[in-house]
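A short write-up of the structure that comes next.
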Amino acid sequence: MNFHVLTLFPEMILQGMNTSITGRAIAKGLLSLEAVNIRDFAFNKHQKVDDYPYGGGAGMLMQAEPVYLAYASIAERIGKKPRVVYLTPQGKVFNQEMARELALEEDLVFLCGHYEGIDERVLEEIVTDQVSIGDYVLTGGELPAMVMMDSISRMVPGVLNNQESGETESFAGNLLEYPQYSRPEEWHGKKVPEVLLSGHHENVAKWRREQSILRTLKNRPDLLKKADLTNKEWNYVRQLKKQWKEEEESL
Ligand code: ADE
């Protein structure tokens, strides 16, 4: 996977990504990363990249030409028109399925906006995917690009080792992950659930599955609707809901 980031703050991208698991994957050659400074493509006296919006309004806009030239330098070098992700709160909301799908690409370009956004004409010309990382507004696209690259990297073969990969992580089958415990057996008066100490693999698996369902029902009922549960498990969900309703009514 080759990541190319169009940004006004290349050092932010390089610092963030060359750390921890993504840093290790870059060092191993499983990922490559370049941060292209859009300002290097502003061929005017003060290397200016922004200007006032036509029609008035607050703030400045990034101009089309430097963004286009920075993009074109990448497209020319790699010899194809790559997929270009523009980070914007107006985009489609990012999720695990999108991460899995984007991880299949050989090259991905991320376009990070600043100020009040980017001239629409260059977006129309180069952007293939508009993506938001959630319903809140950030000061620029760099953090969202890093969030996306981090989760896409995890899907690239070899980036996670066996210990890190874990089949049963959150969102697998639209369920959240179960709670986990390590030593000591008792901490601040809280004991590790007995079943986990039992060594009985079947009971452990059953308990974990129930905890996943419970957690998803509590925190993300929207996800649970899409989960693949057995009839018995759907009965368990109904039973939990009934129990909570009764508890609420008795207050
Ligand atoms: N730029 C500013 N806010 C953003 C968000 N929530 N997602 C993606 N890009 C953004």
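The residues of the chain are indexed from 1 along the displayed sequence. Any value given below was found using the heavy atoms of this structure, including those in side chains, with hydrogens, waters and symmetry copies removed. Read the numbers this way: they start at 1 and go in the same order the structure lists the ligands and their atoms. Predicted model only: the values in this text are computed from it and were never measured.
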Discussion item. Let's go through Glu233 and Arg238 carefully: what are the C-alpha distance in whole Å and the side-chain angles of both, what is the deciding distance for salt bridge (Lys or Arg N to Asp or Glu O under 4.0 Å) to 0.1 Å, and is it a yes or a no?
Written reply: CA-CA 9 Å; Glu233 288 170 336; Arg238 277 188 282 274; over 6 Å; no
Item to complete: List the steps and the verdict of side-chain contact (heavy atoms from CB on, under 4.5 Å) for Val159 and Val156.
Response: CA-CA 6 Å; Val159 168; Val156 172; 3.7 Å; yes
Worksheet entry | Verdict with reasoning, Lys242 to Glu247, per salt bridge (Lys or Arg N to Asp or Glu O under 4.0 Å) | CA-CA 9 Å; Lys242 194 171 157 228; Glu247 279 168 16; over 6 Å; no
Practice prompt. Apply side-chain contact (heavy atoms from CB on, under 4.5 Å) to Asp50 and Leu61, showing your working.
Written response: CA-CA 5 Å; Asp50 60 331; Leu61 278 187; over 6 Å; no
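The residues Lys190 and Glu185 are annotated as not salt-bridged, no charged nitrogen and carboxylate oxygen being separated by less than 4.0 angstrom. Ion pair Lys80/Asp107 flagged as a salt bridge, since at least one NZ, NE, NH1 or NH2 atom sits closer than 4.0 Å to an Asp/Glu carboxylate oxygen.
Looking only at heavy atoms of the protein, atom 1 (N) of ligand 1 is closest to Pro89 CD, 3.7 Å. Looking only at protein heavy atoms, the nearest one to atom 7 (N) of ligand 1 is Ile133 N, 3.0 Å. At the top of the distance list for atom 8 (C) of ligand 1, counting protein heavy atoms only, stands Thr88 N, 3.5 Å. Scanning the protein for heavy atoms near atom 3 (N) of ligand 1, the closest one is Leu138 N, 3.0 Å. Closest to atom 5 (C) of ligand 1 among all protein heavy atoms lies Tyr136 O, 3.8 Å.
Near Pro144, meaning under 4.0 Å from any of its heavy atoms, are these atoms of ligand 1: 8 (C), 9 (N), 10 (C). Against a heavy-atom cut-off of under 4.0 Å, Gly134 is close to the following atoms of ligand 1: 6 (N). Residue contact check: Leu87 has heavy atoms under 4.0 Å from atoms 8 (C), 9 (N) of ligand 1.
Distance CD1/Ile78 to OG/Ser73: 10.0 Å, rounded to 0.5 Å.
Contacts between Ser132 and ligand 1, counted as non-hydrogen atom pairs separated by less than 4.0 Å, involve both the backbone and the side chain. Heavy atoms of Val131 found under 4.0 angstrom from ligand 1 belong exclusively to the backbone.
The shortest N/O to N/O separation between Val137 and ligand 1 does not fall below 3.5 Å.
Ring centroid separation for the pair His4 and Tyr71 does not come in under the 6.0 Å cut-off.
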